Amino acid sequence: MGVVALALSHRIMVSRFFTKPFTFHIFSFYSSSSSSPPPIRVALTDYAGRAVFATRPIAAGDTIHTAKPAVCHPATNTVCYSCLATLPNSQPQRLPFCSQLCHQTSKAYYDVEMKANWVAFDDYCRTRGLKYPFLVKRLACMVISGVARSDSLDILQPANLMHEMVLEMEEEFALLRNALTKALIADEHIAFLTKQWYINVLARIRINAFRIELAGGLYGDLLSQAVASVEAEAAVGNAVYILPSFYNHECDPNAHIVWIDNADAKLKALRDIDEGEELRICYIDASLDRDVRRELLLRGFGFQCNCSRCLHGD
Ligand SMILES: C[S@@+](CC[C@H](N)C(=O)[O-])C[C@H]1O[C@@H](n2cnc3c(N)ncnc32)[C@H](O)[C@@H]1O
């Protein structure tokens with residue numbers, strides 16, 4: 001009961017994006033060991049769509065909130081299928097899980113995935129260097145197994161897809177649907193899996209997915225955070241989150257997202273933040289030159305960066 005009351009008292013209204021006023025519960029999009037809500041609100045701006053704002057002062061180094069992925073997928077077989085934690089070297093790799101809990105949590109969609117032959121789909125994506133279709137495949141298996149809704153990413157902003165991009169997705173979609181149909185998954189369970197669903201999901205994943213690098217180990221203060229991010233291993237996978245997807249980009253950000261041991265994300269303050277200030281993360285490598293940054297943001301995320309660093313020519 002306490003949790004329900006708390007959730008209701010932290011509703012976020014986002015109205016101008018939708019024909020009807022739209023409400024979502026911030027409580028359902030973050031994970032926390034404490035029951036207190038994170039010190040943020042999501043509001044619509046007239047300069048960059050929806051954005052995240054601090055509801056109280058936040059000190060440098062503080063964790064603003066944590067977030068569990070809505071969907072994630074490993075990029076290597078050295079990490080857990082479910083949470084992307086590094087698998088112990090000594091562990092016999094019969095099942096790709098780091099713990100019983102991860103096995104139990106993801107058993108339903110793991111079983112769906114294991115029923116199908118993915119060779120054609122996986123080969124097609126790997127030879128073309130495509131990583132996001134693997135997130136769609138995982139989401140499709142989650143929906144079939146009943147642990148996710150087919151519209152679970154609809155709240156996220158989609159990329160504007162060019163006609164050629166949509167055409168390129170047709171083959172991936174056909175391979176995905178084929179693998180699941182041949183696995184004799186009942187028609188009613190894959191009725192959601194239309195070409196339009198595939199394109200809509202991928203359009204959202206394109207601008208909202210995070211590439212996950214685990215910092216690991218001790219992670220106390222800002223200095224060790226900086227060292228950890230420099231020493232981080234290569235990406236262990238990709239994931240999409242709901243609340244972190246509302247953070248806009250800034251080339252000189254006041255917040256950042258880190259992963260310590262697994263795909264659970266931590267949003268942390270990089271400097272002292274005032275109440276009411278917008279919280280922004282950096283989507284790209286902030287050390288790049290202005291023109292390169294702007295080109296990457298335009299091509300990768302479809303926007304002309306309006307951040308203060310870009311506007312000042314830095
Ligand atoms: C991951 S979403 C961030 C949340 C988004 N504003 C929303 O309403 O869902 C990325 C999109 O936000 C907008 N955006 C983020 N940072 C921006 C910036 N610095 N300048 C202009 N637009 C930005 C762009 O439309 C971009 O494609």
Side-chain angles (χ1 to χ4, degrees), residues 11-26 28-30 38 40-54 64-65 67-72 131-132 135 139 151-162 165 199-212 238-259 263 265-267 270 273 277-314:
R11 287 187 305 188
I12 302 287
M13 279 292 272
V14 182
S15 55
R16 275 162 47 200
F17 254 67
F18 304 89
T19 46
K20 286 189 197 154
F22 175 82
T23 308
F24 70 84
H25 299 286
I26 201 169
S28 31
F29 297 133
Y30 73 97
I40 57 168
R41 68 188 177 91
V42 178
L44 197 57
T45 68
D46 55 11
Y47 50 85
R50 295 163 296 183
V52 180
F53 294 89
I64 305 163
H65 63 90
K68 291 212 168 280
V71 57
C72 66
K131 49 190 185 203
Y132 296 151
L135 283 169
L139 182 61
D151 63 356
S152 54
L153 301 188
D154 283 7
I155 195 171
L156 304 182
Q157 182 178 317
N160 282 327
L161 299 177
M162 286 183 295
M165 293 172 166
I199 292 165
N200 284 345
V201 169
L202 208 47
R204 285 165 172 82
I205 289 174
R206 273 182 73 91
I207 53 170
N208 293 290
F210 288 89
R211 178 177 183 270
I212 299 182
N238 296 287
V240 179
Y241 304 82
I242 302 299
L243 201 44
S245 292
F246 294 125
Y247 282 69
N248 285 320
H249 163 88
E250 167 79 44
C251 295
D252 181 17
N254 55 9
H256 71 160
I257 182 163
V258 293
W259 297 268
K266 279 185 196 293
L267 274 293
L270 281 170
I273 293 165
E277 199 180 323
E278 184 181 345
L279 292 157
R280 288 193 174 205
I281 58 175
C282 186
Y283 297 175
I284 52 166
D285 179 352
S287 67
L288 295 166
D289 285 346
R290 178 178 182 271
D291 290 350
V292 182
R293 297 196 315 266
R294 293 178 68 75
E295 179 65 16
L296 281 175
L297 292 168
L298 186 58
R299 279 198 289 118
F301 298 88
F303 67 92
Q304 303 266 5
C305 185
N306 62 10
C307 84
S308 48
R309 207 176 137 201
C310 282
L311 295 180
H312 288 104
D314 175 8

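Counting convention: from 1, in listed order, for ligands and their atoms alike. These numbers come from a predicted model, not from an experiment.
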Chemist: Heavy atoms only, cut-off 4.0 Å: how does Gln304 contact ligand 1, side chain, backbone, both, or neither?
Modeler: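 For Gln304, the contact with ligand 1 is made by the backbone alone.
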Chemist: Which ligand 1 atoms are under 4.0 Å away from a heavy-atom of Ile207?
Modeler: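 Ligand 1 atoms under the 4.0 Å threshold to Ile207: 1 (C), 27 (O).
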Chemist: With side chains defined as the heavy atoms from C-beta onward, is the minimum distance between Val42 and Leu243 less than 4.5 Å?
Modeler: yes
Chemist: Which of the numbered atoms in ligand 1 are below 4.0 angstrom from a heavy atom of Phe301?
Modeler: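 Those atoms are 27 (O).
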Chemist: Measuring from the heavy atoms of Cys305, does anything fall under 4.0 Å of ligand 1?
Modeler: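 The answer is yes: ligand 1 sits under 4.0 Å from a heavy atom of Cys305.
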Chemist: I'd like to know if Ser245 contacts ligand 1, where contact means a heavy-atom distance under 4.0 Å to any ligand atom.
Modeler: yes
Chemist: Check whether any side-chain heavy atom of Leu267 lies under 4.5 Å from a side-chain heavy atom of Ile281, and answer yes or no.
Modeler: yes
Chemist: Which heavy-atom pair separates Ala263 from Ile212 by the least distance, and what is that distance?
Modeler: CB-CD1, 3.8 Å
Chemist: As an exercise, identify every atom of ligand 1 less than 4.0 angstrom from a heavy atom of Arg280.
Modeler: 18 (C), 19 (N)
Chemist: Take the angle between the ring planes of Tyr283 and Phe301 and call it parallel below 30°, perpendicular above 60°, tilted in between.
Modeler: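 Tilted: the ring planes of Tyr283 and Phe301 meet at 30° to 60°.
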Chemist: Atoms of ligand 1 less than 4.0 Å from Tyr247 heavy atoms?
Modeler: 3 (C)
Chemist: Using heavy atoms and a threshold below 4.0 Å, how should the contact between Asn208 and ligand 1 be classified: side chain, backbone, both, or neither?
Modeler: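 For Asn208, the contact with ligand 1 is made by the side chain alone.
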Chemist: Any N or O on Gln157 sitting closer than 3.5 Å to an N or O of ligand 1?
Modeler: yes
Chemist: Do you know which two heavy atoms are closest between Leu311 and Asn306, and how far apart they sit?
Modeler: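 Closest approach of Leu311 to Asn306: CD1-O, 3.3 Å.
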Chemist: Report yes if His249 has an N/O atom closer than 3.5 Å to an N/O atom of ligand 1; otherwise report no.
Modeler: yes
Chemist: Considering the heavy atoms of Ala48, write down every atom of ligand 1 situated less than 4.0 Å from one of them.
Modeler: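 Per the distance check, 6 (N), 22 (N), 23 (C).
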Chemist: Is there a side-chain contact between Asn208 and Phe246 in this structure, where contact means two heavy atoms from C-beta onward sitting under 4.5 Å apart?
Modeler: no
Chemist: Heavy atoms only: give me the nearest Ala51-Glu278 pair and the separation to one decimal.
Modeler: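 Residues Ala51 and Glu278, closest heavy atoms: CB-OE2, 3.3 Å.
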